[in-house]
Amino acid sequence: MTILLLTLYILLGAYFAGLLGSLTGLGGGVVIIPFLTLVLDVDIHYAIGASLVSVIATSSGSAAAYVKEGITNMRLGMFLEIATTVGAVLGAYLASYISAPTIAVIFGLILLFSAIMSFVKKNSQADPTSSKPATFFKLANTYPGQDGKMVAYSVRNIFGGFGLMSFAGMISGLLGIGSGSLKVVAMDNIMRIPFKVSTTTSNFMIGVTAAASAVVYLQRGYIDPGLSMPVMLGVVLGAVTGSKILVKANSKSLKVIFAIVISVVAIQMIYKGLTGKI
Amino acid sequence: MSREKKVFKESDVQFYIGSLLRWGVILAMSVVFIGGIIYVYRHGQEKPAYHTFNGEPGFLKTISGILQGVAAIKGRAIIQLGILLLIATPIARILLSIVSFVLEKDYLYVVITLIVFGIILFSMLSGIGG
């Protein structure tokens, strides 16, 4: 295979990864890494580097829209970014000491977890009662609800959420994905934030988190321009398409199909990792 | 009155942050695209070697190396410059957030944002990536 042909394959694969990632809310990274490693036989370290770059692009692009709409809780995002960036730098540091098969197994497990999480009902309750630490960090806020009225909410169990966020950041740095599913657990289930706020705020944080580990990957030589170029362009174009058709698609049946595909891919990654074939 | 003023200011900053993110991504993608055209035009018929991990050559790992490569119109260096611009976009967003919290006189969040910026600076300069 020539570089021209490989570039076109990756561009096409990345486009679908971005499209699916956007339609299901799981992000492009969880599709593009298995595609590069399992289908195109690319070393997982290169795949992770390229995915990380695409993660920064898609999250910054969509965060731009959400921030302008005023749904994102920027204080909460900044506060939790301390946790996610520390985790991300640690994860990126660990990545070069962990063998490719082990990374593949961890990736598979996180993938399975994401597939399951896509079915868990999201928290839509807004609770305005504030706790002491939430008041101190000024985390209570409002967001535009369905009828256009501003809905007030506050944040619970800040330190529990902070802890899980550091773990999410570490996984993001280790695997080159946004680890949105872990972030949503931290924000929806532990901090009890309405999901409209948690998804946009999580997305807002992903760019900074990924940038923190990307600088480590770049200096280590894990970011290959020849691979990252089609991955980044393809994933972003796919994500833009996805955000345009999101309204029309039946997201329930799409979720089921995608969860099955993701689970099969996850088992494949775990199997190849355990048998050392990756 | 003063409350209204504050709300206005915050949404103002949100607008700038939104624009910064959007234009950062568009600029980075354009540079990556131009670099990609040059790279594929020159090397399109060669064989790729991604199966085993060798790490990137020195000129693609440091800012000075990338800039020298860009000056020599190397496609891969231009793509890498676009990736640098992309990584710089959320970092620039942090700096803009610091400015906005200073304007709002929210010094707690000035400190929090500076901590995040410090962590990224640490990962850039401490050499843990080297």
Side-chain angles (χ1 to χ4, degrees), chain A residues 1-4 6-7 36 40-46 53 56-57 59-61 63-68 70 72 74-75 78-79 81-82 85-86 88-89 92-93 100 136-138 207-208 210-230 232-233 236, chain B residues 11 14-15 17-22 24-25 28-29 32-33 35-36 39-40 43-48 50-57 60-62 75-80 82-84 86-91 93-94 97 106 108-109 112-113 115-116 119-120 122-124 127-130:
Chain A
M1 195 179 345
T2 62
I3 285 180
L4 175 66
L6 183 72
T7 304
L36 289 175
L40 296 175
D41 211 15
V42 171
D43 182 282
I44 198 163
H45 288 104
Y46 281 133
V53 170
I56 302 177
S59 84
S60 300
Y66 295 136
V67 167
K68 284 185 180 176
T72 312
M74 291 216 268
R75 278 194 173 76
M78 277 323 308
F79 175 71
E81 272 171 14
I82 296 179
T85 48
V86 168
V89 174
Y93 177 73
F136 178 76
F137 286 109
K138 293 170 237 178
V208 168
S213 41
V215 293
V216 178
Y217 276 83
L218 188 79
Q219 296 175 54
R220 282 250 163 93
Y222 287 7
I223 295 183
D224 180 83
L227 277 179
S228 306
M229 177 260 297
M232 171 186 167
L233 296 177
V236 170
Chain B
S11 60
Q14 285 179 344
F15 178 80
I17 286 179
S19 304
L20 172 83
L21 291 173
R22 172 160 302 150
V25 172
M29 284 190 60
V32 166
F33 182 71
Y39 168 66
V40 172
H43 299 280
Q45 298 311 315
E46 293 168 20
K47 297 263 178 260
Y50 292 124
H51 178 54
T52 44
F53 179 74
N54 304 309
E56 293 307 309
L60 295 172
K61 292 201 285 193
T62 60
R76 286 168 30 109
I78 296 173
I79 297 172
Q80 215 73 334
I83 292 171
L84 276 185
L86 186 71
I87 295 174
T89 299
I91 299 175
R93 190 271 281 169
I94 295 179
S97 301
D106 187 343
L108 174 67
Y109 271 87
I112 287 175
T113 314
I115 292 173
V116 174
I119 294 164
I120 292 184
F122 167 81
S123 83
M124 256 191 242
I128 64 164

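- With chain A as the partner, the residue from B:S19, B:A77, B:G75 showing the most heavy-atom pairs under 4.5 Å is B:S19.
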Let's go through B:M29 and A:M232 carefully: what are the C-alpha distance in whole Å and the side-chain angles of both, what is the deciding distance for side chain to side chain contact (heavy atoms under 4.5 Å, CB included) to 0.1 Å, and is it a yes or a no? CA-CA 8 Å; B:M29 284 190 60; A:M232 171 186 167; 3.4 Å; yes
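- Of the two parts of A:T7, only the side chain, counted from C-beta on, holds a non-hydrogen atom closer than 4.5 Å to a non-hydrogen atom of chain B.
- Of all non-hydrogen atoms in A:A214 and A:I56, the two that sit nearest each other are CB-CD1, 4.0 Å.
- For chain B, the nearby parts of A:L227 are the backbone and the side chain; heavy atoms of each come within less than 4.5 Å.
- The candidate from B:A28, B:P57, B:G44 with the greatest count of non-hydrogen atom pairs under 4.5 Å with chain A is B:G44.
- With chain B as partner, the option from A:D43, A:L218, A:V236 having the largest number of non-hydrogen pairs under 4.5 angstrom is A:D43.
- Heavy-atom pairs under 4.5 Å with chain A were tallied for B:V32, B:I17, B:T89, B:T62; the largest tally goes to B:V32.
- Between A:Q219 and B:S123, the shortest heavy-atom contact is NE2-O, 3.6 Å.
- Within a 6.0 Å sphere centred on CZ of A:F137, other residues, nucleotides and ligands contribute more than 12 heavy atoms.
- Residues B:V25 and A:S60 share a closest heavy-atom pair of CG2-CB, 3.5 Å.
- Legend: residues meeting side-chain contact (heavy atoms from CB on, under 4.5 Å) with B:L20, ordered by chain and number and at least two apart, are B:A92, B:R93, B:L96.
- Residue A:L6 touches chain B through its side chain alone, counting heavy-atom pairs closer than 4.5 Å.
- Comparing A:A100, A:G226, A:G61 by heavy-atom pairs within less than 4.5 Å of chain B, the highest count is held by A:G226.
- The choice from B:V40, B:L21, B:L86, B:I94 that makes the most heavy-atom pairs within less than 4.5 Å of chain A is B:L86.
- Residue A:L40: no heavy atom, backbone or side chain, is found under 4.5 Å from chain B.
- Contact tally against chain A (heavy-atom pairs below 4.5 Å) for B:D106, B:I78, B:L84, B:L60: the top residue is B:D106.
- When each of A:A63, A:A212, A:S228 is checked for heavy-atom pairs under 4.5 Å with chain B, A:A212 comes out on top.
- Using a 4.5 Å cut-off between heavy atoms, B:I83 contacts chain A through its side chain alone, with no backbone atom that close.
- Taking both residues in full, the closest heavy atoms of A:I223 and B:Q80 are given as O-NE2, 3.0 Å, listed atom of the first, atom of the second, then distance.
- Both the backbone and the side chain of B:I87 come within contact range of chain A, judged by heavy atoms closer than 4.5 Å.
- In this structure a side-chain-to-backbone donor-acceptor pair under 3.5 Å is present from A:S59 to A:G207.
- With a threshold of 4.5 angstrom between heavy atoms, B:I115 approaches chain A through side-chain atoms but not through N, CA, C or O.
- We find the CG-CZ distance between B:L108 and A:F136 to be 5.0 Å, quoted to the nearest 0.5 Å.
- Ranked by heavy-atom pairs under 4.5 Å with chain A, the list B:I112, B:I91, B:I120 is led by B:I112.
- Below 30°, between 30° and 60°, or above 60°: for A:Y222 and A:Y217 the angle between ring planes is above 60°, a perpendicular geometry.
- Geometric assessment of A:R75 against the ring of B:Y109 yields a positive cation-pi assignment under the 6.0 Å and 45° thresholds.
- Interface remark: of the candidates A:L4, A:V208, A:I3, A:I3 forms the most heavy-atom pairs closer than 4.5 Å to chain B.
- Proximity to chain B (any heavy atom under 4.5 Å) is shown, for A:M78, by both the backbone and the side chain.
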